[in-house]
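Below you'll find the structure, written out as structure tokens, and then a few comments.
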Amino acid sequence: MAANPQFLKFVDDNQDHLIDRLAQAVAIPSVSGNLSYVKDVENMAEWLVQQLKALGATVEKRPIGKHTIEGQEVDLPPVVIGQVGSDPKKKTLLVYGHYDVQPALLEDGWKYPPFELTRDPEGSGRLFGRGATDDKGPVLGWLNVLDAHKQLGLELPVNLKMCFEGMEENGSENLDKFIESEKDKFFAGVDCMCISDNYWLDTKTPCLTYGLRGVNYYEIRINGPGRDLHSGVFGGTVHEPMTDLFAIMSKLVTPDGQILITGIKDLIAPVTEDERKKFEAIHFKLRDIEEAVGAPVTIYDDSIQTLMGRMRNPSLSLHGIEGAFSAPGSKTVIPASVKGKFSIRLVPNLTIKSVTDLVIKYVEEEFKKLGSKNKLEVVLTHGGEPWIADPNHYSYRAAHRATEAVYGQTPDYTREGGSIPVTLDFANILGLNVLLLPVGRGDDGAHSINEKIDTSNYINGTKLLGTYMYELAASNE
Ligand code: BES
Ligand code: MN
Ligand code: MN
């Protein structure tokens with residue numbers, strides 16, 4: 001059938017070489033949005049360019065403007081675009097991934113240095129390192145496919161266009177403008193799109209993902225006294241910003257996850273019977289989630305409700321407070337101004353705007369009730385709309401067959417709780433069907449300590465991405 005045995009054998013025979021490529025990528029600490037790592041993010045882009053060149057792609061590094069980090073204006077990480085093949089008889093596939101990663105410090109509790117890819121000494125096959133699964137492993141999956149074809153002297157079955165960015169973990173600033181401006185240039189002639197930047201739900205069932213929640217990130221800023229104060233001298237005499245902030249933040253969500261902001265529930269699209277069936281068909285046990293989070297702390301005892309909580313319902317999470325006293329010890333300070341941070345994951349039919357209007361109205365009303373003389377500001381720092389695709393498309397069918405060929409298993413069809421806001425930009429601006437084709441497992445620990453990818457997922461993932469290309473090429477839809 002469509003799978004190419006030569007390609008599959010190459011991947012099996014060259015595992016160490018492919019893992020070494022991942023080790024090189026993980027060794028560059030490309031943490032975006034952090035002044036100390038600006039150079040590393042640039043180096044990572046350059047590393048990708050050199051790799052892609054060596055693999056026979058035409059590559060460009062494109063500047064996309066500037067942004068401010070910690071008060072300093074710096075270049076945004078460049079977008080790396082590459083192309084292999086331009087045969088009008090072949091389908092053209094666009095792939096996207098990100099080469100930036102979340103921060104990681106050994107002190108956070110990592111077992112091994114986060115920027116040294118470390119093979120589990122106990123022989124489980126796990127490869128630990130920041131970015132191993134999010135998203136360097138999957139991005140390198142595409143490079144590995146090119147590598148195999150180059151070394152085997154084989155042509156790719158499709159034309160491949162690649163777009164890799166270095167700001168995904170910080171809201172993909174300006175990438176939408178880049179897509180818009182390159183719509184009829186670099187992105188011209190693309191037939192369909194594949195993104196590998198999410199995960200299986202459990203540790204053994206491959207999946208195809210056709211939806212993502214959006215996310216709105218907010219800051220509640222409360223300004224009071226002109227400077228930090230001594231609580232012995234001024235406690236009991238002034239309105240304290242932290243006290244106001246706690247009062248408000250405690251009114252956003254209940255401990256069992258119910259969002260308290262008036263009006264949000266009414267905007268959620270009703271669950272259809274067909275949708276419920278799709279959720280019921282997913283292989284998923286509460287145990288999977290308990291293992292992934294490391295404790296039996298799920299809100300619901302029911303697995304369908306838990307899945308819906310993750311994929312189908314909005315959620316509100318409290319993230320932190322900037323400006324609060326947080327060092328060890330017991331300093332008796334009244335912080336003069338604080339910023340409370342929270343985000344809301346969005347599902348159809350919630351929009352960035354409709355939710356923001358409700359949030360601002362609600363928070364302002366709650367603040368008024370406090371009778372505080374401090375100043376309040378509610379700011380949306382970034383927003384991304386929810387996305388849902390049609391899984392009844394030839395690209396999904398190709399991925400379905402590729403999954404069966406590589407894993408001998410039928411994939412689950414899932415939606416994700418996480419967000420890749422640029423997915424919707426690609427889908428809307430370029431008018432494309434987008435397929436999310438995950439490589440990693442549900443317990444990989446993206447953003448956590450000890451992030452990993454299993455060797456088998458990295459290797460089979462490479463086979464999957466390549467076989468998907470063959471299946472796409474073979475489909476005459
Ligand atoms: N790879 C994730 C997205 C993701 C997370 C997909 C979990 C599926 C499950 C991506 O790198 C990410 O972390 N996205 C951010 C986006 C935010 C910074 C706008 C997220 O979801 O928090
Ligand atoms: Mn990612
Ligand atoms: Mn991420």
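Atoms within each ligand, like the ligands themselves, are counted from 1 in listed order.
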Over 60° means perpendicular and under 30° means parallel, so classify the ring planes of W200 and Y407, tilted if in between.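 Rings of Y407 and W200: perpendicular, as their planes differ by over 60°.
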
At less than 2.8 Å, would any N/O/S atom of D135, backbone or side chain, sit next to the Mn ion (ligand 3)? no

Under 2.8 Å from the Mn ion (ligand 3), can any N, O or S atom of D134 be found? yes

May I have the angle between D197 OD2 and H98 NE2 with its vertex at the Mn ion (ligand 2), rounded to 10°?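 Answer comes to 80°, rounded to 10°.
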
Note the single closest protein heavy atom to [atom], along with its residue, its atom name and the distance in Å.
| atom | value |
| --- | --- |
| atom 3 (C) of ligand 1 | S419 O, 3.5 Å |
| atom 17 (C) of ligand 1 | V215 CG1, 4.4 Å |
| atom 22 (O) of ligand 1 | R345 NH2, 3.0 Å |
| atom 18 (C) of ligand 1 | E169 O, 3.5 Å |
| atom 11 (O) of ligand 1 | E168 OE1, 2.7 Å |
| atom 7 (C) of ligand 1 | Y199 CE1, 3.7 Å |
| atom 9 (C) of ligand 1 | E416 OE1, 3.3 Å |

Checking S30 side chain against Y99 main chain: does a donor-acceptor pair fall under 3.5 Å?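 Yes; at least one donor-acceptor contact below 3.5 Å.
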
Is the shortest distance from a heavy atom of I420 to ligand 1 less than 4.0 Å?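 Yes, I420 has a heavy atom closer than 4.0 Å to ligand 1.
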
I need the minimum non-hydrogen distance between D390 and N433, along with the two atoms involved. O-ND2, 3.1 Å

Quick one: look at [X] and ligand 1, take heavy-atom pairs under 4.0 Å, and tell me if it's side chain, backbone, both or neither.
| X | result |
| --- | --- |
| Q102 | neither |
| P421 | side chain |
| D197 | both |
| Y217 | neither |

With a 6.0 Å cut-off (strictly less than), is the heavy-atom count around CZ of R397, excluding the residue itself, greater than 12?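 Enclosed.
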
CA sep, side-chain torsions, deciding dist, call: S354, D357, side-chain hydrogen bond (donor to acceptor under 3.5 Å, both in side chains): CA-CA 5 Å; S354 61; D357 289 349; over 6 Å; no

Looking at V84, V80, I81, which hits side-chain contact (heavy atoms from CB on, under 4.5 Å) with M162?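 Of V84, V80, I81, side-chain contact (heavy atoms from CB on, under 4.5 Å) with M162 is met by V84 alone.
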
Under the side-chain hydrogen bond (donor to acceptor under 3.5 Å, both in side chains) rule, what do D134 and H98 come out as? Steps first, then yes or no, please. CA-CA 8 Å; D134 185 13; H98 61 94; 2.9 Å; yes

Numbering as shown, the atoms of ligand 1 that approach H98 to under 4.0 Å (heavy-atom distance): 11 (O)

Establish, yes or no, whether the cationic atom of K161 lies under 6.0 Å from the six-membered ring centre of F186 and within 45° of the ring axis. yes

